[in-house]
Number of protein chains: 2
Amino acid sequence: MTDRLQESSKNALSFACKRNHALCIEEALEHAKRVCERAGERFTDLRKQVFAIVWAEHKPVKAYDLLSELSSIRKGVAPATVYRALDFLKSQGLVHKLESLNAYLGCSQPETEHHGHFLICECCEEVRELAFAPFSQSIDEIEKAQKFQIKHTTIELLGRCIKCQ
Amino acid sequence: MTDRLQESSKNALSFACKRNHALCIEEALEHAKRVCERAGERFTDLRKQVFAIVWAEHKPVKAYDLLSELSSIRKGVAPATVYRALDFLKSQGLVHKLESLNAYLGCSQPETEHHGHFLICECCEEVRELAFAPFSQSIDEIEKAQKFQIKHTTIELLGRCIKCQ
DNA sequence: GATCTAATGTTATGTTATAACATATCTTTA
DNA sequence: TAAAGATATGTTATAACATAACATTAGATC
């Protein structure tokens with residue numbers, strides 16, 4: 001077993017955020033483009049700009065903040081413009097909505113399967129998407145036991161990160 | 001092992017909702033009153049009325065729907081009136097907010113420890129609070145592994161209930 | 001390049017939630 | 001029991017979040 005594997009095993013529950021946000025914006029845009037192509041969708045200028053703004057912030061972004069940032073690089077921007085782009089990016093899994101914050105976050109794990117499970121620090125507002133999916137099994141159990149067919153999960157854990165304790 | 005226990009074991013993942021909603025409103029109000037007394041808080045008329053309306057619906061209630069219902073039995077009702085009462089009831093664990101719906105639900109398990117984990121049917125809009133807490137262990141693991149101190153969880157699973165499949 | 005479809009622009013409005021300050025009610029205690 | 005302090009509610013205004021509806025533009029297809 002290599003060091004790398006050992007480390008990854010030790011950190012089975014570690015966040016992907018840090019590593020993935022090392023991805024530069026160019027790589028992220030490249031990836032987003034590929035995702036859209038694969039889906040037969042267009043990665044238009046608007047979508048690209050919105051994606052870039054959300055991605056650039058490593059914190060959740062409010063729709064109206066996005067709107068005002070977007071306005072500085074583009075004209076004719078109204079709420080609908082932003083919400084449509086966000087809806088599209090969500091549909092492609094490139095952006096997540098944090099329901100408990102009414103805010104949007106660039107997906108931190110573009111290349112790997114991801115689950116949309118978040119840790120939100122109430123203090124520094126940093127949000128991390130869990131790389132590991134500790135809830136998957138529980139979710140499977142619930143589906144079987146309840147005969148409830150789960151289509152979307154909203155899992156957001158609010159608390160204090162290690163730096164803020 | 002009694003039949004009752006066997007049944008409860010078989011249904012370890014079963015919902016509490018149905019059983020608990022058999023609680024009549026009077027019992028629920030009684031319980032809410034006790035909760036407030038224990039906390040040294042006042043269960044005022046306003047709070048009682050808001051609680052009763054939320055409880056009466058077995059579905060999630062929107063704040064502004066609540067507002068209009070409340071207006072029919074009370075005057076001088078404004079949004080702040082409703083939101084303040086809801087905040088209070090949430091703080092006592094008597095009502096939950098469903099973040100993904102922007103709606104409020106009376107707690108279905110007033111007498112037992114509960115976790116605020118929900119199954120939401122996208123079709124019939126029925127919402128069930130999980131009696132069982134399949135996520136508790138995962139949450140403990142995350143806290144340890146990440147040294148992230150969790151204070152509040154938002155766990156809402158959207159899908160189709162057995163009736164709507 | 002005509003036609004169709006998807007995306008965006010534009011205007012208006014709907015929905016959800018809070019701020020700020022005035023008034024009323026409850027509790028405590030002199 | 002009246003005064004003082006604390007808590008709750010009334011009231012007005014506005015902030016924050018999101019979508020509807022229809023016009024226009026840009027891309028894709030033939």
Side-chain angles (χ1 to χ4, degrees), chain A residues 32-33 35-37 39-54 59-92 94-105 125 154 156, chain B residues 32-33 35-37 39-54 59-92 94-105 125 154 156:
Chain A
K33 194 176 148 197
V35 165
C36 293
E37 276 166 3
E41 299 285 353
R42 291 161 53 199
F43 195 46
T44 62
D45 275 357
L46 173 63
R47 291 166 178 178
K48 210 173 291 183
Q49 289 167 342
V50 169
F51 179 78
I53 293 170
V54 175
K59 292 187 174 183
V61 185
K62 298 275 187 173
Y64 276 71
D65 293 342
L66 217 172
L67 170 58
S68 77
E69 281 213 51
L70 190 60
S71 297
S72 70
I73 56 168
R74 186 185 180 91
K75 57 183 181 170
V77 178
T81 316
V82 169
Y83 282 106
R84 277 191 294 228
L86 286 171
D87 283 348
F88 171 80
L89 294 170
K90 277 190 291 178
S91 76
Q92 302 304 312
L94 295 167
V95 155
H96 298 293
K97 178 174 184 190
L98 295 165
E99 297 289 351
S100 62
L101 301 179
N102 291 323
Y104 302 83
L105 187 69
E125 293 176 13
T154 299
E156 301 171 14
Chain B
K33 194 177 148 197
V35 165
C36 294
E37 276 166 3
E41 298 286 353
R42 290 160 55 198
F43 195 46
T44 62
D45 275 356
L46 173 63
R47 291 165 177 179
K48 210 173 292 184
Q49 289 166 342
V50 169
F51 178 77
I53 293 170
V54 175
K59 293 187 173 183
V61 185
K62 298 276 187 171
Y64 276 72
D65 293 342
L66 217 172
L67 171 58
S68 78
E69 282 214 51
L70 189 61
S71 297
S72 70
I73 56 169
R74 186 185 180 92
K75 58 181 181 172
V77 178
T81 316
V82 169
Y83 283 106
R84 277 191 295 230
L86 286 172
D87 283 347
F88 171 80
L89 295 170
K90 277 190 290 177
S91 76
Q92 301 305 312
L94 295 167
V95 155
H96 298 293
K97 179 175 183 189
L98 295 165
E99 298 288 351
S100 62
L101 300 179
N102 292 320
Y104 302 83
L105 188 67
E125 293 174 13
T154 299
E156 300 170 14

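All chains are named by letter (A, B, ...) in the order of the sequence lines, taking the proteins before the strands, and each is independently numbered beginning at 1. Nothing here was measured: the structure is a model prediction, and the numbers come from that model. Just so it is clear, the values below take in all heavy atoms, side chains as well, and ignore hydrogens, waters and symmetry mates.
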Handout entry: Distance test, side-chain N/O of A/Tyr64 to OP1/OP2 of C/dT16, below 4.0 Å
Key = no
Handout entry: side-chain N/O B/Arg42 vs C/dT25 OP1/OP2, d < 4.0 Å
Key = no
Exercise for the section: Would you jot down, in residue-number order, the residues of residues 84-92 of chain A having a non-hydrogen atom under 4.0 Å from DNA chain D? Expected result: A/Arg84
Handout entry: Touch class at under 4.0 angstrom, heavy-atom based, for A/Phe43 against every strand present
Key = nothing
Practice task
Between A/Thr81 and B/Pro79, just flag the one whose closest nucleotide in DNA chain D comes earlier from the 5' side.
Solution key: B/Pro79
Problem - Whole-Å distance separating the CG atom of B/Leu70 from the C1' atom of D/dG10 - result: 13 Å
Practice task
Decide side-chain contact (heavy atoms from CB on, under 4.5 Å) for B/Leu89 and B/Val54; before the verdict, give the C-alpha distance in whole Å, the side-chain angles of both, and the deciding distance to 0.1 Å.
Solution key: CA-CA 10 Å; B/Leu89 295 170; B/Val54 175; 5.6 Å; no
Problem - Phosphate OP1/OP2 of D/dA18 contacted by A/Asn102 side-chain N/O (<4.0 Å) - result: yes
Fill in the blank from the handout: Whole-Å distance, B/Leu46 CG to D/dT11 C1', equals 14 Å
Exercise for the section: Rounded to the nearest angstrom, tell me the gap between atom CG in A/Asp65 and atom P in D/dA16. Expected result: 9 Å
Handout entry: D/dA18 OP1/OP2 closer than 4.0 Å to side-chain N/O of A/Lys97
Key = yes
Practice task
Supply the atom-to-atom distance A/Leu98 CG to B/Ser100 OG, rounded to the nearest 0.5 angstrom.
Solution key: 12.5 Å
Practice task
Starting from P on C/dT8, measure out to CG on A/Leu67 and report it in whole angstrom.
Solution key: 15 Å
Problem - B/Asp87 bridged to B/Lys90 by N-O distance under 4.0 Å - result: yes
Practice task
Check whether any side-chain nitrogen or oxygen of B/Tyr83 sits under 4.0 Å from OP1 or OP2 of D/dG10, and answer yes or no.
Solution key: no
Handout entry: Side-chain heavy-atom pair B/Glu99, A/Thr154 within 4.5 angstrom cut-off
Key = no
Handout entry: B/Glu125 side chain vs B/Lys59 backbone, donor-acceptor pair below 3.5 Å
Key = no
Practice task
Would you kindly give the CG-to-P distance between B/Leu101 and C/dT15, to the nearest whole Å?
Solution key: 16 Å
Completion exercise
B/Lys62 atom NZ is separated from D/dT19 atom P, nearest whole Å, by 10 Å
Handout entry: Backbone N/O of A/Leu67 and side chain of A/Lys62: donor-acceptor pair under 3.5 Å
Key = no
Exercise for the section: Scan A/Thr44 against the nucleic acid and name what it touches under 4.0 Å (heavy atoms): base, sugar-phosphate only, or nothing. Expected result: sugar-phosphate
Exercise for the section: Check the distance between C/dT15's C1' and B/Leu98's CG and give it to me in whole angstrom. Expected result: 17 Å
Practice task
Using a cut-off of strictly less than 4.0 Å, decide whether A/Arg47 has a side-chain nitrogen or oxygen near OP1 or OP2 of C/dT8.
Solution key: yes
Fill in the blank from the handout: In whole angstroms, the gap separating P of D/dG10 from NZ of B/Lys75 amounts to 11 Å
Practice task
Nearest 0.5 Å please: distance from the CZ atom of A/Arg74 over to the CD atom of A/Glu69.
Solution key: 14.5 Å
